[in-house]
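Here's the structure we're looking at; comments come further down.
The model shown is predicted, which means the values in this text are computed figures rather than measured ones.
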Amino acid sequence: MYQSQISGLGKYVPENIVTNDDLAKIMDTSDEWIQERTGIKERRHIKKGSDDTTAVMGYKAAKIALERANVDKNDIDFIVFATLSPDYYFPGCGVQIQEMLDIPTCPALDVRNQCSGFVYALSVADQFIKTGMYKNILVIGSENHSGGLDMTTRGRNVSVLFGDGAGAAVLTRSEDKEKGILSTHLHSEGKFAEELSLIGPSTKYWVPEIIKDNPQENIPYFPHMNGQLVFKNAVVRFSEVIHEGLAHNNLSAEDIDLFIPHQANLRIAQFIQKKFKLNDNQVHNNIQKYGNTTAASIPIALTEAWENNKVKKDDIVVLAAFGSGFTWASAVIKW
């Protein structure tokens, strides 16, 4: 059995910054209201007319990760792409990345686990490397939320939360059993599937256009979220899956050098930080400036932390996510 190591990281976010004050101009909300409940100050939205899409942003993040990993694109054996907002209903974004990178042929897999998507994708890649099937795997999380949100007062409880962006990691085979991805832990509980869901369409023909062409009273195309129930379940499942990862590796909370939670709500992250008695230097949050980027949130935050020298050799890094499904997951990494 081999070990998987993260050899390169990259991120990309659109240039267009949307502040809470900008949202207050188009819906009944305020900077104070949003910050108090979520911790978010601003987020990035793809500008109308931009060439950015879910796949394009993923490609841009992937190019950076490949360069930093010093891995040639033709040495990528497998692409795993996590998103809830693919460019098309089908095919998935994974094959688009293969084409954009001009890789003659390689397998590509899309993962649809929303906020837990990147950790699930990381786990899938880890298994293929551990068993010796593949040597270099590109894992991407990317989301284009902005085009499909209800940007009116009716949808403010959900729409103020989300931003666009992408993050990527290159996983490389290693024979050093003491470092790399130590373990991953995945869960789901489908009875809550519709408590955080979009029961409706793709970003190429997105919600505002659909409603314009098909006006109706009941709109199933916008995201729905039972916020209180999601929060209550998130804080419980976050704790459980972090404890599970630590116990599996005979570690304790004191061993965590850096915790990167899915950036869903700063209040959830702060609750977990307090519960595990972690100081501010042991936790990296960036929801304040990017909002919730779903499958992209952990790779963006991990890349940012690495760029800011918050991830060092031999550090124990814990990733954890909770989201729609409900699904939740964690990964324990020794850097």
Judged by modelled atom types alone, do [X] and [Y] share a side-chain donor-acceptor pair under 3.5 Å?
X: Gln96; Y: Asp87; answer: yes
X: Thr172; Y: Asn136; answer: yes
X: Glu304; Y: His284; answer: yes
X: Asn144; Y: Thr54; answer: no
X: Glu143; Y: Thr83; answer: yes
X: Asp22; Y: Thr19; answer: yes
X: Ser183; Y: Asn249; answer: yes

Within one Ile-Leu-Val-Met-Phe-Trp-Tyr cluster: [X] and [Y], side-chain cutoff 4.5 Å:
X: Ile76; Y: Val95; answer: no
X: Val111; Y: Ile140; answer: no
X: Val80; Y: Leu84; answer: no
X: Ile272; Y: Leu251; answer: yes
X: Phe238; Y: Val318; answer: yes

Taking all atoms of both residues into account, what is the closest heavy-atom pair of [X] and [Y], and its distance?
X: Ala69; Y: Val170; value: CB-CB, 3.9 Å
X: Ala296; Y: Gly141; value: CB-O, 3.3 Å
X: Ser174; Y: Gln5; value: OG-NE2, 3.4 Å
X: Ile242; Y: Ala320; value: CG1-CB, 3.9 Å
X: Thr293; Y: His145; value: C-CE1, 3.7 Å
X: Thr294; Y: Cys115; value: CG2-N, 3.4 Å

Judged by atom type as modelled, is there a donor-acceptor pair below 3.5 Å linking the side chain of [X] to the main-chain atoms of [Y]?
X: Thr303; Y: Pro299; value: yes
X: Asn308; Y: Ala305; value: no
X: Asn285; Y: Ile287; value: no
X: Asn226; Y: Glu195; value: no
X: Gln3; Y: Ile181; value: yes
X: Arg267; Y: Glu36; value: yes
X: Gln127; Y: Val124; value: no
X: Asn233; Y: Leu229; value: yes
X: Asp77; Y: Ile137; value: no
X: His45; Y: Phe162; value: yes

State, with a plain yes or no, whether a side-chain heavy atom of [X] is found less than 4.5 Å away from one of [Y].
X: Ile79; Y: Cys106; result: yes
X: Arg43; Y: Val13; result: no
X: Leu266; Y: Ile40; result: no
X: Val119; Y: Ile298; result: yes
X: Leu182; Y: Ile333; result: no
X: Asn265; Y: Asn292; result: no
X: Leu258; Y: Ile260; result: yes
X: Ile17; Y: Arg44; result: yes

Find the distance between [atom1] ([X]) and [atom2] ([Y]) and round it off to the nearest 0.5 Å.
X: Leu149; Y: Met27; atom1: CG; atom2: CE; answer: 8.5 Å
X: Ile300; Y: Asn286; atom1: CD1; atom2: CG; answer: 7.0 Å
X: Leu246; Y: His248; atom1: CG; atom2: NE2; answer: 11.5 Å
X: Phe259; Y: Gln273; atom1: CZ; atom2: CD; answer: 9.0 Å
X: Leu161; Y: Ile34; atom1: CG; atom2: CD1; answer: 8.5 Å
X: Glu178; Y: Glu175; atom1: CD; atom2: CD; answer: 13.5 Å

Tell me whether the count of non-hydrogen atoms from other residues, nucleotides or ligands lying under 6.0 Å of [atom1] in [X] goes above 12.
X: Lys130; atom1: NZ; value: yes
X: Asn279; atom1: CG; value: yes
X: Lys135; atom1: NZ; value: no
X: Lys73; atom1: NZ; value: yes
X: Asp21; atom1: CG; value: yes
X: Glu307; atom1: CD; value: yes
X: Asp51; atom1: CG; value: no

Please determine if [X] and [Y] form a salt bridge, counting it only when a charged side-chain N lies under 4.0 Å from a carboxylate O.
X: Lys277; Y: Glu254; value: no
X: Asp150; Y: Arg156; value: no
X: Lys47; Y: Asp52; value: no

Centre-to-centre under 6.0 Å for Phe128 and Phe78, is that the case here? yes

Tell me whether the centres of the aromatic rings in His262 and Phe118 are closer together than 6.0 Å. no

Sort and list the pairs that fulfil side-chain hydrogen bond (donor to acceptor under 3.5 Å, both in side chains) and have at least one residue in residues 316-335, not counting sequence neighbours. Ser116-Thr327

Here the salt bridge (charged side-chain N to carboxylate O under 4.0 Å, His left out) pairs for residues 231-246, sequence neighbours left out, are Glu189-Arg237, Arg237-Glu240

Mind checking whether Phe276 and His243 have parallel, tilted or perpendicular rings, split at 30° and 60°? tilted

Going through the distances and angles, do Ser252 and Asp255 end up as a side-chain hydrogen bond (donor to acceptor under 3.5 Å, both in side chains)? CA-CA 5 Å; Ser252 67; Asp255 295 311; 3.3 Å; yes

Residues Ile268, Phe322; criterion side chain to side chain contact (heavy atoms under 4.5 Å, CB included); working and verdict: CA-CA 10 Å; Ile268 295 174; Phe322 174 90; over 6 Å; no

